[in-house]
Amino acid sequence: QVQLVESGGGLVQAGGSLRLSCAASGRTFSGYRVGWFRQAPGKEREFVAAISWSGGSIYYADSVKGRFTISGDNAKNTVFLQMNSLKPEDTAVYYCAADDRLDVVVTSSEYIYWGRGTQVTVSS
């Protein structure tokens, strides 16, 4: 079993930055794929970014490409999502997800483990 805990959310003005963290317990991320998803009120959950921990593959949604960066820290067993140039439309609950396969995928149903989410609110 893998337990995921997100942190780093908050309220920020448009154009600002936040860094989200996803810490894992129960086992290391080695050999896993880890993704970030978000869900805004009244909308479906959508893919944001994903990383293959051992394979090194990274993928971003077009809506965040060039503004968000996903990375991992082996020593801390943590995945980060650096979010820059934030826009009001980035407002959502952000979820970390993981699965014990290496290929990077964008479909939420392909991830087994999920955190509880962290709220990101971007004011205009």
Side-chain angles (χ1 to χ4, degrees):
Q1 276 286 6
V2 176
Q3 292 78 44
L4 305 176
V5 178
E6 305 95 335
S7 61
L11 173 64
V12 65
Q13 289 188 334
S17 299
L18 285 174
R19 188 175 81 156
L20 305 184
S21 300
C22 173
S25 61
R27 63 151 291 157
T28 68
F29 275 137
S30 178
Y32 274 55
R33 60 187 174 208
V34 182
W36 285 97
F37 291 78
R38 66 187 181 186
Q39 188 166 18
K43 295 187 177 181
E44 294 186 354
R45 190 169 297 187
E46 66 173 357
F47 171 79
V48 176
I51 184 169
S52 172
W53 194 261
S54 301
S57 299
I58 290 176
Y59 191 75
Y60 297 99
D62 288 343
S63 59
V64 307
K65 202 172 295 182
R67 299 188 298 122
F68 291 10
T69 303
I70 189 172
S71 62
D73 185 320
N74 279 320
K76 297 180 179 179
N77 205 35
T78 298
V79 171
F80 301 100
L81 184 68
Q82 178 66 44
M83 307 186 297
N84 299 328
S85 302
L86 283 162
K87 305 174 181 180
E89 49 264 44
D90 294 318
T91 295
V93 177
Y94 282 71
Y95 298 91
C96 176
D99 188 78
D100 60 354
R101 288 167 285 184
L102 286 177
D103 53 320
V104 173
V105 295
V106 305
T107 306
S108 60
S109 61
E110 296 289 335
Y111 292 82
I112 296 176
Y113 305 106
W114 288 83
R116 293 188 175 184
T118 185
Q119 176 70 47
V120 171
T121 303
V122 184
S123 63
S124 58

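Keep in mind that this is a model prediction, so the values were computed, not measured. Here, residue 1 is the first one in the sequence, and each next residue gets the next number.
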Candidate list E89, E46, E44, test salt bridge (Lys or Arg N to Asp or Glu O under 4.0 Å), partner R38, passing option: E46
Side-chain heavy-atom pair S7, T118 within 4.5 angstrom cut-off: no
Electrostatic pair R116-E6, nearest N-O below 4.0 angstrom: no
N/O donor-acceptor pair under 3.5 Å between N77 side chain and F29 backbone: yes
Shortest non-hydrogen contact from F47 toward A61: O-CB, 3.4 Å
Heavy-atom closest contact (L81 atom, A49 atom, distance): CD1-CB, 4.2 Å
same_hphob_cluster(L20, L86) at 4.5 Å side-chain heavy-atom cutoff: yes
Sequence neighbours excluded, every pair satisfying ring-ring contact (aromatic ring centres under 6.0 Å, His included) that has a member inside residues 75-109: none
Geometric cation-pi criterion R27 and W53, 6.0 Å radius, 45° cone: no
Minimum heavy-atom distance between A98 and L4, given as atom pair plus value: N-CD1, 3.8 Å
Connected via hydrophobic side-chain network under 4.5 Å: L11 and L18: no
Q119 and T91, any side-chain heavy atoms less than 4.5 Å apart: yes
From S124, P88, S123, residue fulfilling side-chain contact (heavy atoms from CB on, under 4.5 Å) relative to Q13: S123
Criterion side-chain contact (heavy atoms from CB on, under 4.5 Å) on Q3 and V5, from CA distance to verdict: CA-CA 7 Å; Q3 292 78 44; V5 178; 5.6 Å; no
W36 with Y59, same ILVMFWY side-chain cluster at under 4.5 Å: no
More than 12 heavy atoms of other groups within 6.0 Å of K65 NZ: yes
Side-chain donor or acceptor of S52 paired with backbone N/O of L102 under 3.5 Å: yes
V34 with V104, same ILVMFWY side-chain cluster at under 4.5 Å: no
For residues 66-73, please give each side-chain donor-acceptor pair under 3.5 Å, one per line with the distance, not counting sequence neighbours.
residue	atom	partner	partner atom	Å
R67	NH1	S85	O	3.0
R67	NH1	D90	OD2	2.8
R67	NH2	S63	O	2.9
R67	NH2	D90	OD1	3.0
R67	NH2	D90	OD2	3.4
D73	OD1	A75	N	2.9
D73	OD1	K76	N	3.0

Cluster check V48, I51: I/L/V/M/F/W/Y, side chain < 4.5 angstrom: yes
Contacts of D99 that satisfy side-chain contact (heavy atoms from CB on, under 4.5 Å) - sequence neighbours left out: R33, R101, Y111, I112
